[in-house]
Student: 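Here you go, one structure.
Residue numbers start from 1 in every chain, and the chains themselves are labelled A, B, ... in the order their sequence lines are given, proteins ahead of strands.
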Amino acid sequence: MTAYTPKQIEPKWQSYWEEHHSHEVNDHSKRPKYYCLDMFPYPSGSGLHVGHWRGYVLSDAWSRYKKLQGYEVLHPMGWDAFGLPAENDAIKKGIHPSIGTARNIANFKKQLQQMGAMFDWSREINTSSPEYYQFTQWIFVQLFKMGLAYRKEMPINWCPSCKTGLANEEVVDGGCERCGSPVTKKNMNQWMLRITNYADRLLDDLDKLQWPDKVKKMQANWIGKSVGAHVRFSLVGADEEIEVFTTRPDTLYGATYMVLAPEHPLVAKITTADARDAVNDYVSQTLHKSALARQIVDKTKTGVFTGAYAINPATKKPIPVWIADYVLLDYGTGAIMAVPAHDERDFDFAKAFSLPIVQVIRPNSHVQGELQNLHEAYIGEGVLMNSGALDGLTIQEAKKAVIAFLEERKKGSGATTYKLRDWVFARQRYWGEPIPVVHCEHCGIVPVPEDELPVLLPDVERYEPTGTGESPLAAIESFVHTTCPTCGGPARRETDTMPQWAGSCWYFLRFADPRNDKEPFAKDKVNHWLPVDMYIGGVEHAVLHLLYARFFTKALYDRGVIGFDEPFIHLFNQGMMTLDGAKMSKSKGNVVSPEELIEKYGTDTLRIYELFVGPPEIDAEWNPRAIDGVHRFLSRTYRLVEENVQHAPHTGTLLRNKLRHRFLQQVTERLESFRFNTVVSAFMEFTGAMADYSDPIDRETLETLTLCLAPFAPHLAEECWQLLGHNDSVFMALWPTVDPTMLVDDEIEIVLQVNGKIRDRMVINVSSTQEEVIAVALSRDSLSPFLAGRTIQKQVYVQGKLVNFVIR
RNA sequence: GCCGUGGUGGCGGAAUUGGCAGACGCAGCGGACUUAAAAUCCGCUGGUCAGAGAUGACCGUACGGGUUCAAGUCCCGUCCUCGGCACCA
């Protein structure tokens with residue numbers, strides 16, 4: 001008898017796979033394609049921990065299962081290698097970010113290879129290599145030509161610590177997503193992507209995706225579609241109009257005042273002389289408040305009257321125009337009509353400043369009249385009142401009527417707005433893709449011709465962000481000074497770089513054809529492999545990466561570059577691995593590294609333990625001891641094959657065949673529904689049950705066990721497969737099929753209940769009828785103490801499960 | 001505040017459609033093997049009460065109600081956990 005020695009088995013099979021190019025995928029295979037993708041990592045300096053492993057093990061087990069099912073499986077890996085840590089390291093140590101990045105990649109790769117995953121390393125990509133980013137730049141040029149990339153001067157989110165502009169999606173609780181510093185506003189002229197053009201499609205196409213509902217909802221909320229109307233209010237004694245957006249045009253008669261955002265351009269024009277000092281004070285106060293203070297911490301209403309009046313187009317009455325910081329400049333039109341009776345915020349404001357409150361919606365339960373002592377806004381269903389000709393209409397009817405009224409008078413129209421903003425796409429940092437355009441005095445903004453790409457990221461002396469709103473590239477004369485591709489005259493290069501998300505917006509496409517140096521990918525290859533069938537990664541990318549990647553995919557589809565408009569069919573979010581209840585991170589000092597575990601137990605044990613800790617989508621606490629049980633299980637399994645293989649009959653007894661098919665059925669079913677933790681339980685039960693019978697264990701049982709184990713413990717499975725006399729890799733074989741006739745038993749045990757309490761059990765023949773079962777049950781001595789002298793009111797029989805006698 | 005998720009033994013968790021709650025594993029206890037220990041193997045292991053004992057009764061899936069012959073599972077209400085959004089008109 002030889003013991004289970006992963007230290008010998010695992011390197012042996014890893015070399016075998018490498019020598020036989022087992023994991024290299026074939027573009028022209030006759031097998032159906034399957035694309036299983038991990039969210040590729042940023043190669044940080046701290047390396048991988050057991051939390052990172054979780055998703056990778058999951059996707060590898062799934063990929064290997066799909067391979068055994070007969071698919072040609074693309075399961076690639078690469079590096080999201082542009083990003084701030086490498087740059088910060090460069091600032092600190094003065095070494096080029098590419099050097100640290102290369103070192104980290106080497107380390108990550110070594111660690112991932114230890115996992116024994118079936119990554120096709122011949123397709124490895126690195127977003128910071130010119131071979132890759134030339135095409136990130138190419139895509140930018142396409143977006144520019146489609147009118148989706150544009151420059152705009154506007155106040156954007158600015159991180160004073162990272163010294164760069166940020167996208168809306170990168171601001172979390174008023175702080176920088178990366179470093180947590182409070183974000184301020186900075187007026188900047190920079191690049192934007194018109195993601196809002198795609199708002200409706202990004203929202204509607206969520207229906208096509210088999211993603212967790214949670215992620216779909218998060219994206220839908222982020223897009224934030226609201227349907228309503230634009231309404232223009234005339235000003236008393238002035239030519240300008242104030243345009244507002246409202247979702248409640250039906251409440252127009254109840255609009256008793258208006259509010260502009262303090263930064264609204266009309267504020268300076270309409271403010272009367274009397275109000276000017278107070279307004280100026282308030283505006284400057286607002287500008288100094290951080291986003292955090294304004295939106296999150298303090299919601300008490302403040303504001304000042306501008307002295308101006310507007311005319312309510314419905315009532316024709318003048319209403320005062322205020323400014324207040326509860327109205328945001330960058331949503332809707334930056335101005336509102338306030339209907340205090342039917343909006344909580346307006347109600348609070350009206351109370352605070354004693355503004356009139358006019359009820360225009362009556363709850364259906366109130367036949368007539370106003371609600372007495374309105375002490376909160378009424379936002380429920382109802383019918384119109386105090387609204388002239390609209391009185392008695394439902395809210396829905398009134399919305400239509402008011403929009404028609406406004407359109408007729410040219411005072412407004414139906415309108416839809418979104419919370420989604422255009423994407424601030426420029427970063428004033430070094431370690432990213434240079435935005436491939438030049439600024440020419442004569443021709444304006446000119447994209448770099450496609451055949452001149454890449455615009456190489458030049459070496460610089462100093463990597464520090466300048467903080468002036470310019471990237472470090474601006475200091476390199478030789479980079480900045482160039483000639484205009486159109487007129488040949490002197491021109492300046494764009495010095496901003498792309499955000500970290502740029503490379504990951506299309507890397508899943510590049511894996512289809514990663515060595516193509518002429519184009520991002522050949523059309524036939526990308527249309528063959530894509531879309532991704534299964535995408536596995538953390539939920540932290542629910543809006544950022546996943547929304548951006550969908551946007552790029554749709555834009556490239558519109559450009560005719562690819563033939564599909566959604567990149568990821570299935571999405572699975574694995575849970576975090578925690579230690580002491582906290583997410584593992586180097587800064588918290590609670591990381592568990594896979595190295596020593598592999599040293600002690602072997603890779604296969606760690607792989608299975610990662611799956612066994614709990615449901616894959618739920619966070620799991622690392623338990624350093626529980627891994628022993630998994631290791632014991634693998635040792636037992638190895639021993640089972642090793643001890644029995646010599647004397648195993650080809651086929652087993654009926655009992656063993658039934659056991660085997662039931663096991664196979666369980667594993668397949670649980671695997672299909674991603675219940676990996678219970679798959680492992682099924683293995684443990686099966687190997688345990690095998691010892692319960694004295695007849696010899698047969699080859700079919702041992703082969704099924706080995707095949708089923710292969711996705712999870714591939715090294716051990718290969719070894720067992722070889723012990724079973726096969727010369728090929730186990731992954732050349734096919735997943736066994738369940739014989740349904742083996743799943744049914746002739747006899748089954750059912751439970752006997754009296755008044756829902758279990759009193760006995762008995763074995764019946766499967767073909768027994770209800771009458772037969774009940775008759776037998778009634779004749780049982782065990783039930784007579786409970787039934788004697790009682791009237792049976794009801795008999796419940798659940799086929800093959802139980803009998804319940806209901807007595808009085 | 002709004003939207004979403006979850007709450008089951010000492011611990012991680014199982015129970016897919018309402019039908020034997022606690023599979024499987026960890027930890028613990030007892031035993032076998034051993035001079036001994038480790039490793040390995042076998043058995044027990046939700047709680048309370050009664051019994052010398054086999055065993056039996058009752059309670060038990062966050063809490064309070066309800067539906068049902070039957071509820072961890074369905075309905076109503078409450079509390080707590082975690083996540084997302086956060087004055088979005």
Student: Considering just the side-chain nitrogens and oxygens of A/R639, establish if one lies under 4.0 Å of OP1 or OP2 belonging to B/C41.
Tutor: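 For B/C41, OP1/OP2 do have a side-chain N/O of A/R639 under 4.0 Å.
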Student: Given B/A89, B/G84, B/A15, which nucleotide is nearest the side-chain atoms of A/T678?
Tutor: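 For A/T678, the side-chain atoms sit closest to B/A15.
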Student: Sticking with atom P, work out how far B/A57 lies from B/C69, rounded to a whole angstrom.
Tutor: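 Approximately 24 Å lies between the P atom of B/A57 and that of B/C69.
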Student: Return no unless some side-chain N or O of A/R632 is found under 4.0 Å from OP1 or OP2 of B/C26.
Tutor: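 Yes, such a contact exists.
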Student: Which word best sums up how the rings of A/F712 and A/F676 line up, parallel for under 30°, tilted for 30 to 60°, or perpendicular for over 60°?
Tutor: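 Geometry flag for A/F676 against A/F712: perpendicular rings.
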Student: Could you tell me the separation between the CZ atom of A/F612 and the P atom of B/A14, rounded to a whole number of Å?
Tutor: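 Rounded to the whole Å, the gap is 10 Å.
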Student: Identify which nucleotide among B/A14, B/C85, B/C87 has an atom closest to any side-chain atom of A/N677, counting heavy atoms from C-beta outward.
Tutor: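 Nearest to the side-chain atoms of A/N677, counting from C-beta on, is B/A14.
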Student: Distance check, C1' atoms only: B/U5 and B/G83, in whole angstrom units.
Tutor: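 Pairwise C1' distance, B/U5 against B/G83, rounds to 7 Å.
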Student: Counting only side-chain heavy atoms from C-beta out, which of B/G12, B/A89, B/C20 sits nearest to A/L328?
Tutor: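 Out of B/G12, B/A89, B/C20, the nucleotide with an atom closest to A/L328's side chain is B/A89.
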Student: Base of B/U16, side chain of A/R675 - is there a donor-acceptor contact under 3.5 Å?
Tutor: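 Yes, a donor-acceptor pair under 3.5 Å.
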Student: Students often get this wrong, so: under 4.0 angstrom with heavy atoms, is A/K583 touching a base, only sugar-phosphate, or nothing?
Tutor: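 Counting heavy atoms under 4.0 Å across all strands, no contact is made by A/K583.
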Student: Please give the distance between the P atoms of B/C82 and B/G10 as a whole number of Å.
Tutor: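 Those two atoms are separated by 22 Å.
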Student: Within 45 degrees of the ring normal and closer than 6.0 Å to the centroid, is that where the cationic atom of A/K301 sits relative to A/F349?
Tutor: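 The answer is no; the distance or angle limit is not met.
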Student: So which nucleotide from B/A14, B/A89, B/U16 ends up closest to the side chain of A/P615?
Tutor: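 Looking only at side-chain atoms, A/P615 lies closest to B/A14.
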Student: Strictly under 6.0 Å, is that where the ring centroids of A/F353 and A/W322 end up?
Tutor: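 Aromatic pair counts; centres sit under 6.0 Å.
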Student: Measuring only the C1' atom in each nucleotide, how far is B/U67 from B/G18? A whole number of Å is fine.
Tutor: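 About 12 Å, rounded to a whole number of Å.
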Student: Rounded to the Å, how far apart are A/N623 CG and B/G10 C1'?
Tutor: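 Between C1' of B/G10 and CG of A/N623: 12 Å.
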Student: With P as the reference atom in both, quote the distance from B/C11 to B/C85 in angstrom, rounded to an integer.
Tutor: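 Per the computed distance, 33 Å lies between those P atoms.
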Student: Could you check how far CZ of A/F245 sits from P of B/C87, rounded to whole Å?
Tutor: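 For the pair A/F245 CZ and B/C87 P, the rounded distance is 17 Å.
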Student: With RNA chain B as reference, determine whether A/G332 or A/I758 sits nearer its 5' end, using the nearest nucleotide of each.
Tutor: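 The residue closer to the strand's 5' end, by nearest nucleotide, is A/I758.
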Student: Using atom P in both nucleotides, what's the gap between B/G64 and B/G60 to the nearest angstrom?
Tutor: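 Straight-line distance between the two P atoms is 9 Å.
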Student: Whole angstroms only, please: what is the CG-C1' distance between A/D628 and B/U40?
Tutor: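 Going from CG in A/D628 over to C1' in B/U40 covers 13 Å.
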Student: Just to be sure I understand the rule, does A/S226 reach a base, reach only the sugar-phosphate, or reach nothing, if contact means heavy atoms closer than 4.0 Å?
Tutor: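 Sugar-phosphate: the residue A/S226, judged by heavy atoms under 4.0 Å, touches backbone atoms but no base.
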Student: Could you state the CG-P distance from A/N573 to B/G4, rounded to the nearest angstrom?
Tutor: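 Atom-to-atom, A/N573 to B/G4, this comes out as 18 Å.
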Student: Can you check the distance between B/A21 and B/G72, where both ends of the measurement are the C1' atom (answer in whole Å)?
Tutor: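 It works out to 7 Å between them.
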Student: So, A/R54 and A/E610, do they make that salt bridge, N to O below 4.0 Å?
Tutor: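 Answer for the salt bridge query: no.
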Student: Could you provide the dot-bracket string of RNA chain B, using ( ) for intrastrand pairs, [ ] for crossing pairs and | for bases paired to another strand, with Watson-Crick or G-U pairs below 3.5 Å?
Tutor: ((((.((..(((......[....))).(((((.......))))).(((((....)))))..(((((..]....))))))).))))....
Student: With under 30° as parallel and over 60° as perpendicular, where do the rings of A/H545 and A/H541 fit, or are they tilted in between?
Tutor: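 The arrangement is perpendicular - the two ring planes meet at more than 60°.
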Student: Does a salt bridge link A/D343 with A/R248, judged by any charged N lying under 4.0 Å from a carboxylate O?
Tutor: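 The answer is no: the pair does not qualify as a salt bridge.
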Student: Please give, in whole Å, the distance from B/G84 C1' to A/M218 CE?
Tutor: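 The answer, rounded to whole Å, is 5 Å.
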Student: Spell out protein contact along nucleotides 66-71 of chain B as letters: B when the base is contacted, S when just the sugar-phosphate is, - when no protein heavy atom is under 4.0 Å; keep the 5' to 3' order.
Tutor: ---B--
Student: Choose from B/A89, B/C87, B/G83 the nucleotide whose nearest atom is closest to any side-chain atom of A/K301.
Tutor: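 Minimum distance to the A/K301 side chain belongs to B/C87.
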Student: Go through the N and O atoms of the side chain of A/K801 and the base of B/C20, and report whether any donor-acceptor pair is under 3.5 Å.
Tutor: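 Checked by distance alone, the answer is no.
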Student: Quick one: on RNA chain B, does A/R636 or A/V798 contact a more 5' nucleotide (nearest heavy atom)?
Tutor: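 Nearer the 5' end of the strand: A/V798.
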Student: Just say parallel, tilted or perpendicular for the rings of A/F663 and A/F683, cut-offs at 30° and 60°.
Tutor: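 Ring orientation, 0 to 90° scale: perpendicular.
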Student: What's the gap between B/G25 and B/G43 when it is taken at their P atoms, as a whole Å value?
Tutor: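 Pairwise P distance, B/G25 against B/G43, rounds to 11 Å.
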Student: Can you measure A/L634 atom CG to B/C24 atom P for me and round it to whole angstrom units?
Tutor: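 Answer to the nearest Å: 18 Å.
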